[in-house]
**Student:** 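Starting off with a structure, shown below.
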Amino acid sequence: MSAIAELAQCTYSMFRPPASQTVSEWADTHRVLVSESSAEPGPWRTDRAPYQREIMDAFTQKGIWQIVIMASAQVGKSEIELNMMGCAIDNDPGPMLYIQPTKDVAEDYSKRRIAPMIDACPTLRSKVSKAKGRDAANTITMKTFPGGSLAIIGANSPADLSSKPVRYIFMDETDRFPASAGAEGDPQELAERRTETFRHNRKIIKTSTPTIKGKSKIETDYMNGTQEEWHTQCPACQTYSYIRFADIQYDAEEYVSGNGDKDYHIRSVAWRCPVCKRDIDEHACKRLPDAGKEGIMYEAGISEPGPNYMHFPLDFRAGYDKEFFRGLISEKMVIHRRGGQGVIKWEKFYERNEPLDCRNYARAAYRYFNWRFDELERIVSGMEEPKKVITKGEETKRKNRHVVSRGIKV
């Protein structure tokens, strides 16, 4: 390729629109975890922590400019931010600011987490300027790439917080931010002012483990938002519920340590479903995302028509041939030992597993939307709707009901 052709190709690539890709899709395609920061190094898989998917994908949704993540420690908050950062650098670059509580923590995080992520991802490694001895384009606190740059600073540095305008801001552990950056005021407010130039397409991400209730910064930001939470499906009654600490059941043995302090040995932990009141042990909770595949394998083994029996058309022209049924049972559940604990994984023993995935997604949709097939059958067949018997209590409630507002019709 001639120099002119290479220059033209590079110039045209600058006008290419951002890729239509969510953060979870980008991470599943490009992100690679390294052994320095992950117990399971290798390609990133969002399915390993499905609660992260909606949070990450909100980053690329139009109309959302601020995302607040209030969560416990060690649940992947920083990894979510790194995936958002990597997706933006690769698909929709712009000036970025990453803020840690102090400058020392920021520099350490850059060396231990951000630099290894860039080196492990070929698509990022090809775009972020390579570190050289005297190259100011790639330092511990500054990374440059086509279309933007990444500044890594501490919340205790007022000069860094109020310098150049930025489009993306990532704030980690905001509850540990100082009350004031020097004499300049709240570091969060200082940082947010830098996005005024990019009000039409800015993104502000805040994450932290909450500290003192009523005084927590992340709690205040969270309460000002949509306050979305993760639901967990009970494998017994199939209903979705929040996991609350009051529903955690555990068996503990009290003992006194060598220095005289009282401590506990936790023998077992279970989550009690608030609906059916059944105890779901820790092992079952960890494999809830794969419960659909387990159910499909169980139902595939039922040979007589009846409850949970799988019905298929007896016509191979509709696609239900040997290839389909090989794909339906193309995976098996394997238990690996990691860190002294059993880890369940579904591994393919036949390459084409699309029939299994499609049935798994359809099964999840059916259970989520809770369709009433009896009512649908009545509508299709033209049957009259049975008259509902209204009890005296329901009639009293109906008379006492007052409509304050029916909302606004747009």
**Student:** Take Asn83 and Trp44 through the test side chain to side chain contact (heavy atoms under 4.5 Å, CB included) and record every step on the way to the result.
**Tutor:** CA-CA 10 Å; Asn83 286 338; Trp44 171 278; 3.3 Å; yes
**Student:** Which value, rounded to the nearest 0.5 Å, describes the distance between Arg278 atom CZ and Trp271 atom CH2?
**Tutor:**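 Between atom CZ of Arg278 and atom CH2 of Trp271 there are 12.5 Å.
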**Student:** Specify the closest pair of heavy atoms between Cys121 and Val32, including all atoms of both residues, with the distance to one decimal.
**Tutor:**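 Minimum heavy-atom contact is SG-N, 3.7 Å.
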**Student:** Which heavy atom of Phe177 sits nearest to which heavy atom of Gln100, and what is that distance?
**Tutor:**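 That would be CE1-C, 3.8 Å.
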**Student:** Do the non-hydrogen side-chain atoms of Pro355 and Phe325 ever get within less than 4.5 Å of each other?
**Tutor:**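 No, too far: nothing below the 4.5 Å cut-off.
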**Student:** Carefully, step by step, assess Ser149 and Met142 under the rule side chain to side chain contact (heavy atoms under 4.5 Å, CB included).
**Tutor:** CA-CA 7 Å; Ser149 62; Met142 175 63 69; 4.0 Å; yes
**Student:** So does Cys273 get a backbone contact from the side chain of Asp247, meaning a donor-acceptor N/O pair under 3.5 Å?
**Tutor:**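 No, Asp247 side chain to Cys273 backbone: no donor-acceptor pair under 3.5 Å.
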**Student:** Taking the six-membered ring for Trp and the full ring for Phe, Tyr or His, determine whether the centres of Tyr98 and Tyr168 are under 6.0 Å apart.
**Tutor:**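 No, the ring of Tyr98 stays outside the 6.0 Å limit from the ring of Tyr168, centre to centre.
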**Student:** Under the side chain to side chain contact (heavy atoms under 4.5 Å, CB included) test against Arg53, which residue among Thr22, Val23, Thr46 passes?
**Tutor:**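 Going through Thr22, Val23, Thr46 one by one, the side chain to side chain contact (heavy atoms under 4.5 Å, CB included) with Arg53 is satisfied by Thr46 alone.
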**Student:** Quick one: are Arg352 and Ser330 in side-chain contact, heavy atoms under 4.5 Å?
**Tutor:**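 SC-SC contact between Arg352 and Ser330 ruled out.
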**Student:** Step by step, would you call Glu323 with Tyr350 a side-chain hydrogen bond (donor to acceptor under 3.5 Å, both in side chains)?
**Tutor:** CA-CA 10 Å; Glu323 190 72 12; Tyr350 185 68; 2.5 Å; yes
**Student:** Taking the side chain as C-beta and beyond, is there a heavy-atom pair between Thr195 and Ile204 under 4.5 Å?
**Tutor:**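 Yes, side chains in contact.
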**Student:** Kindly compute the distance separating OG (Ser216) from CG (Asp221), expressed to the nearest 0.5 Å.
**Tutor:**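 These two atoms lie 8.5 Å from each other.
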**Student:** Check Met171 against Gln188 and note the closest heavy-atom contact, atom names and distance.
**Tutor:**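 Shortest heavy-atom contact: SD-CG, 3.8 Å.
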**Student:** Report the relative orientation of the aromatic rings in Tyr320 and Phe324; use parallel for angles under 30°, tilted for 30 to 60°, perpendicular for over 60°.
**Tutor:**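 Correct class here is perpendicular.
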**Student:** Looking at every non-hydrogen atom in both residues, tell me the closest pair between Ser20 and Glu25 and how far apart they are.
**Tutor:**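 Result for this residue pair: O-OE1, 4.4 Å.
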**Student:** Is the shortest side-chain heavy-atom distance between Glu304 and Tyr309 below 4.5 Å?
**Tutor:**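 No; the side chains remain at least 4.5 Å from each other.
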**Student:** Assess whether side chain to side chain contact (heavy atoms under 4.5 Å, CB included) is satisfied between Ile280 and Thr232, documenting all intermediate values.
**Tutor:** CA-CA 11 Å; Ile280 314 302; Thr232 299; over 6 Å; no
**Student:** Is the backbone of Ile114 close enough, under 3.5 Å, to the side chain of Ser110 for a donor and an acceptor to pair up by distance?
**Tutor:**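 The answer is no, because no donor-acceptor pair under 3.5 Å joins these two groups.
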**Student:** Using every non-hydrogen atom in the two residues, find where Glu377 and Ser381 come nearest and quote the distance to one decimal.
**Tutor:**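 Looks like O-OG, 2.8 Å.
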**Student:** Is Ile266 atom CD1 crowded by more than 12 heavy atoms from other residues, nucleotides or ligands, each under 6.0 Å away?
**Tutor:**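 Counting other residues, nucleotides and ligands, CD1 of Ile266 exceeds 12 neighbours.
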**Student:** Between CH2 of Trp230 and OG of Ser241, what distance do you get to the nearest 0.5 Å?
**Tutor:**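 Trp230 CH2 to Ser241 OG: 13.0 Å, rounded to 0.5 Å.
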**Student:** Do other residues, nucleotides or ligands put more than 12 heavy atoms under 6.0 Å from Lys127 NZ?
**Tutor:**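 Counting other residues, nucleotides and ligands, NZ of Lys127 exceeds 12 neighbours.
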**Student:** Could you check whether any side-chain N or O of Asp175 sits under 3.5 Å from a backbone N or O of Thr211, counting only pairs where one atom can act as donor and the other as acceptor?
**Tutor:**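 Yes, Asp175 side chain to Thr211 backbone: donor-acceptor pair under 3.5 Å.
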**Student:** Measuring only between side-chain heavy atoms, which start at C-beta, is Leu356 closer than 4.5 Å to Ile296?
**Tutor:**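 Yes; the side chains approach each other to less than 4.5 Å.
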**Student:** In a check of side chain to side chain contact (heavy atoms under 4.5 Å, CB included) between Ile99 and each of Asn156, Ile169, Leu190, which one passes?
**Tutor:**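 The residue from Asn156, Ile169, Leu190 that satisfies side chain to side chain contact (heavy atoms under 4.5 Å, CB included) with Ile99 turns out to be Ile169.
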**Student:** Less than 3.5 Å apart, which donor and acceptor atoms pair up between the side chains of residues 62-79 and the rest of the protein, not counting sequence neighbours?
**Tutor:**
unit_1: Lys77; atom_1: NZ; unit_2: Ser72; atom_2: O; d: 3.0
unit_1: Lys77; atom_1: NZ; unit_2: Thr209; atom_2: OG1; d: 3.3
unit_1: Ser78; atom_1: OG; unit_2: Asp172; atom_2: OD2; d: 3.0
unit_1: Glu79; atom_1: OE1; unit_2: Arg31; atom_2: NH1; d: 3.1
unit_1: Glu79; atom_1: OE1; unit_2: Arg31; atom_2: NH2; d: 2.7
unit_1: Glu79; atom_1: OE2; unit_2: Arg113; atom_2: NH2; d: 2.5

**Student:** Give a yes or no on whether Lys348 atom NZ has more than 12 heavy-atom contacts from other residues, nucleotides or ligands under 6.0 Å away.
**Tutor:**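 Yes, NZ of Lys348 has more than 12 neighbouring heavy atoms, counting only those of other groups under 6.0 Å.
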**Student:** Can you check whether Asp279's main-chain N or O pairs, donor with acceptor, with Arg272's side chain at less than 3.5 Å?
**Tutor:**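 Judged by distance alone, no pair lies under 3.5 Å.
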**Student:** A side-chain contact here means heavy atoms from C-beta on lying under 4.5 Å apart; do Met117 and Leu124 qualify?
**Tutor:**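 They are in side-chain contact.
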**Student:** What's the separation between atom CD in Glu192 and atom CG in Asp186, rounded to the nearest 0.5 Å?
**Tutor:**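 So the CD of Glu192 and the CG of Asp186 are separated by 8.0 Å.
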**Student:** Ser180 side chain to Gly185 main-chain N or O, any donor-acceptor pair under 3.5 Å?
**Tutor:**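 Yes, because the side chain of Ser180 sits within donor-acceptor range (under 3.5 Å) of the backbone of Gly185.
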**Student:** What do the steps show when you test Ser24 against Asp57 for side-chain hydrogen bond (donor to acceptor under 3.5 Å, both in side chains), and what is the final call?
**Tutor:** CA-CA 6 Å; Ser24 63; Asp57 291 350; 2.9 Å; yes
**Student:** Could you tell me if the side chain of Val166 sits less than 4.5 Å from the side chain of Met96, heavy atoms only?
**Tutor:**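 No, side chains not in contact.
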**Student:** Please confirm whether the backbone N or O of Ser129 pairs with a side-chain atom of Asn138, one donor and one acceptor, at under 3.5 Å?
**Tutor:**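 Side chain of Asn138 to backbone of Ser129: a pair is present.
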**Student:** Answer yes or no: is there a donor N or O on one side and an acceptor on the other, between the side chain of Tyr255 and the main chain of His265, under 3.5 Å?
**Tutor:**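 No; zero donor-acceptor contacts below 3.5 Å.
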**Student:** Any side-chain to backbone donor/acceptor pair from Ser157 onto Gly154? Under 3.5 Å, distance only.
**Tutor:**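 Absent.
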**Student:** With a sphere of 6.0 Å drawn around CD of Glu254, does it hold more than 12 non-hydrogen atoms of other residues, nucleotides or ligands?
**Tutor:**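 It does: Glu254 CD has more than 12 such atoms within range.
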**Student:** Is the side chain of Lys143 donor-acceptor paired with the backbone N or O of Ala115 at a distance under 3.5 Å, no angle test?
**Tutor:**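 Looks like no, no N/O pair under 3.5 Å.
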**Student:** With rounding to the nearest 0.5 angstrom, report the CD1 to CD distance, Ile80 to Gln52.
**Tutor:**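 So the gap between those two atoms works out to 4.5 Å.
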**Student:** How close do Pro187 and Ala179 get, heavy atom to heavy atom, and via which atoms?
**Tutor:**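 What the structure gives for the nearest pair is CD-O, 3.9 Å.
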**Student:** Does Lys206 use its side chain to pair, donor to acceptor, with the backbone of Thr174 at less than 3.5 Å?
**Tutor:**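 Checking the backbone N and O of Thr174 against the side chain of Lys206, no donor-acceptor pair under 3.5 Å is found.
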**Student:** Pick one: which of Thr102, Thr139, Ile140 meets side chain to side chain contact (heavy atoms under 4.5 Å, CB included) with Glu107?
**Tutor:**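 One option only clears the test, and that one is Ile140.
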**Student:** Decide whether Trp26 and Asn91 meet the rule of one side-chain donor and one side-chain acceptor closer than 3.5 Å.
**Tutor:**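 No pair is found: no donor N or O on one side chain lies under 3.5 Å from an acceptor on the other.
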**Student:** Would you call Glu196-Arg199 a salt bridge at under 4.0 Å N-O?
**Tutor:**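 Salt bridge flag = yes for Arg199 with Glu196.
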**Student:** Does a side-chain heavy-atom distance below 4.5 Å link Thr197 with Arg167?
**Tutor:**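 Sidechains of Arg167 and Thr197: no contact.
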**Student:** Taking atom CD of Glu347 and atom CG of Asn353, what is their separation to the nearest 0.5 Å?
**Tutor:**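 Separation between the atoms: 12.5 Å.
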